[in-house]
2 protein chains.
Amino acid sequence: MSPSFQADDPDVAEPLLEGNSESVADPSTEPREDDARARLLAAAGPVFARQGFDRATIREICGDAGVNIASVGYYFGDKLGLYREVFRAIRSKCQAAFQPQDAVELPPRQELFELVRHLLSRMLAPDDSGWESQLMMREMDNPTEIFSEMVEESIRPPFDRLVGALGALAPPQTPAHVVEHLALSVAGQIVYYRVGAGVIRRLIPAERLQQHFTLDQLARHITGVAIAAAEGGLALTHAAQFDAETQPNTTSDAHHSE
Amino acid sequence: MSPSFQADDPDVAEPLLEGNSESVADPSTEPREDDARARLLAAAGPVFARQGFDRATIREICGDAGVNIASVGYYFGDKLGLYREVFRAIRSKCQAAFQPQDAVELPPRQELFELVRHLLSRMLAPDDSGWESQLMMREMDNPTEIFSEMVEESIRPPFDRLVGALGALAPPQTPAHVVEHLALSVAGQIVYYRVGAGVIRRLIPAERLQQHFTLDQLARHITGVAIAAAEGGLALTHAAQFDAETQPNTTSDAHHSE
DNA sequence: AGGTGTTTTAAACATCCGTTTAAATCGTTG
DNA sequence: CAACGATTTAAACGGATGTTTAAAACACCT
C-alpha cells in the first residue's frame, strides 16, 4: 500500500489524508522512505522545468532518479502528485528567502536594487541551479491546479516588497495603482530576461551581449529605469501629451483585428 | 497525391517529400485546393496558440476545421508542415504592419507611444483575435525550427523601430547598448502583460484591474517610464550609487544556490 | 527460522497521438 | 457514359505515455 498520501482499504481502518498525519515520524514504521522518495523529488524538479508538465515523462524522471517507474505511483499517487510536491519544496525555499528580511530596513533605493538583483540572479541562473524559476515560468504559461497557490506563496511576497520599495521612492501622494504599475514594470523587465532570453540572444550582437549584459549591469539598468520613473517621470504619465494627437484616430494601427 | 507541397513523377506513385517544388500554380491542375486547406490553416492557428505545438492535436484541429484527419497529411505533409505554414501566414501580416510605415516620421515621443500602444493591443487582444502573439509566445518558450525565422521576420522589425525611437529620445552621445537596454525594457513590460496576465489577475484587486489597467492607461504608463528613463534617468545607471554598499557582500542573498 | 508489513520490480494495460493505407467519392474530360 | 485524376473518408498501425497489477525482494520483530 501507499505509505502516506492515501489508503482505500475497503474493510479495515482507513488513514485518510484529511490533514497531514505525518506528525508522528516513528523511525520504526517508516525506516527510510526518503531514499527513493527524495531522489525522485530531486530528479523531478529539473525535468519538469526543462520539459514542462506534459512533455516531461515519468520514465525520464525515474531514470534520472534511478528508481522504478511504479515508484511515482507508490509515493505520490500519480504524476500530478509528484508535480505538486515539487512545488511545495520550492514554496518553502521562496518563503524563507523573502519573509524574514524585513528587519534589515535598507534605504529604498538600495532595497530596490537588492531586490532586482536577487530576482534577476534567479532568472539568469543556468538550468541546473535555476530550474525553479523556469518551472514557475512554465506554470505561468500552462497553469495547472498549482497556479494560484504558487502566485500567493512564491510570487506575492517579492512583489509586495517591490511595491513597498517603489512606494517609498515615489512622491508621497502617489496613488496605489501607479505604484503597482511601476512594480509590474520592474517585474516585467526582470522576467523578460528569462522569457525572452532566446530572442535577446538573436537580437543583440554576441560581442555586446557578453560585454554589457552581465547580471550587475542589467540589475543596475532596471533599477535605474525604475528610479527615474518613480522619482521624476510619473508626471509624464498623466500629462495629456499623447492624448491630443492620438485619441481620435492615429495613423494606421490599433484596429487590425476588429 | 498531395497537391502542392510535393510533386514527383506523375507515373510512379512516390509519396516522398524531398523538397518543395511549389513553383507552378496552374489553376487547371489545382482547381480549388483552398476549401479544405484554407479551413485547416485557419483552424490550426488558434489551436496551436492555445495548446502549444505538442499539446495541440491534429484531431482537434481537423475537428474545428470540419475536415478529415488525413487531410493535414495530404495538404501539409505532417503536423510540423502545418505549423510552419501557420507561421508563414503570420509573417506576412507582421511584415505588412511594420515595414511600410517609415514614411510618416512622427516626433519620437509620439512614435514611441504609437509603437507601444500597437504592440500592447496585440498582446492584450483576446484569444480569438490575438492568437498570433500567443503563438509567438509559445514558440519563445518551446522553440522549434521556426524560431530563428520568427525572430528575424516578426520580432526584429518592431524592435528596430523601438530602438530608433528611443535613440532619438535619449541624449545624443548615448551608447548603443544603453539604447538597446531601454528597448528591451519596453519590450519586457509589454510582453509581461501577456506572459504574466494570469499572475497580474491574481496580484491586483479586481476593481483596480478594471479601472486602471485599460489598454490606453498601460500604454501611457509604459511610454512614460521609457521617456523618463531615456531623457533623464540614464545618468543614474552609470553612477556608482549602488556599488559602494553592495559590491563586497550584501545582506543575505545572491548565493542561495551555490 | 517464520511471519508480517513495507518497498521494489517487471510486465502488462488502456489510452491517446501522428501517421499511413486503401478504398470510396467527386469533378472534369475524352 | 466511362475513365481518370484529385480529393475525401474510415480504419488501422506503430509508438509512446500514465497507470496498474501481482509477484518478488527486503527489513524487521517475535
Provide, to the nearest angstrom, the distance between the [atom1] atom belonging to [X] and the [atom2] atom belonging to [N].
{"X": "A:Gln51", "N": "D:dT17", "atom1": "CD", "atom2": "C1'", "answer": "14 Å"}
{"X": "B:Tyr74", "N": "C:dA22", "atom1": "OH", "atom2": "C1'", "answer": "15 Å"}
{"X": "B:Leu82", "N": "C:dT19", "atom1": "CG", "atom2": "C1'", "answer": "14 Å"}
{"X": "A:Asp54", "N": "D:dG18", "atom1": "CG", "atom2": "C1'", "answer": "12 Å"}
{"X": "A:Phe76", "N": "C:dT7", "atom1": "CZ", "atom2": "P", "answer": "13 Å"}
{"X": "A:Asp35", "N": "D:dC26", "atom1": "CG", "atom2": "P", "answer": "14 Å"}
{"X": "A:Arg55", "N": "C:dG18", "atom1": "CZ", "atom2": "P", "answer": "13 Å"}

Looking at C:dT6, D:dA6, D:dT17, which one has an atom nearest to any side-chain atom of A:Thr57? D:dT17
Below 4.5 Å, heavy atoms only, C-beta onward: do A:Glu139 and A:Phe53 meet side chain to side chain? no
On DNA chain C, check which nucleotide each of B:Phe53 and A:Gly66 is closest to and give me the residue with the more 5' one. A:Gly66
Please output the side-chain donor-acceptor pairs of residues 58-71 of chain B that fall under 3.5 Å, not counting sequence neighbours, one pair per line with the distance.
unit_1	atom_1	unit_2	atom_2	d
B:Glu60	OE2	B:Arg50	NH1	3.4
B:Asn68	OD1	B:Ala70	N	3.0
B:Ser71	OG	B:Asn68	O	3.2

Under 4.0 Å from OP1 or OP2 of D:dT8: is there any side-chain N or O of B:Tyr75 that close? yes
Interface polar pairs with nucleotides 19-24 of chain D, N/O, under 3.5 angstrom:
unit_1	atom_1	unit_2	atom_2	d
D:dT19	OP2	A:Lys79	N	2.8

Would you find a donor on one side and an acceptor on the other, under 3.5 Å apart, between the side chain of A:His221 and the backbone of B:His181? yes
Counterpart residues, side chain to side chain donor-acceptor pair (under 3.5 Å), relative to [X] (two or more places apart):
{"X": "A:Glu149", "result": "A:Arg91"}
{"X": "A:Arg55", "result": "B:Asp54"}
{"X": "B:Glu180", "result": "A:Arg208"}
{"X": "A:Thr57", "result": "none"}

B:Arg202: what forms a salt bridge (Lys or Arg N to Asp or Glu O under 4.0 Å) with it, not counting sequence neighbours? none
Who are the side-chain contact (heavy atoms from CB on, under 4.5 Å) partners of B:Arg194, not counting sequence neighbours? B:Met123, B:Asp127, B:Ser133, B:Gln134, B:Met137
Write out the stems for DNA chain C, ordered by first number and formatted as range with range, counting runs of at least 3 consecutive Watson-Crick or G-U wobble pairs under 3.5 Å. C:1-30 with D:1-30
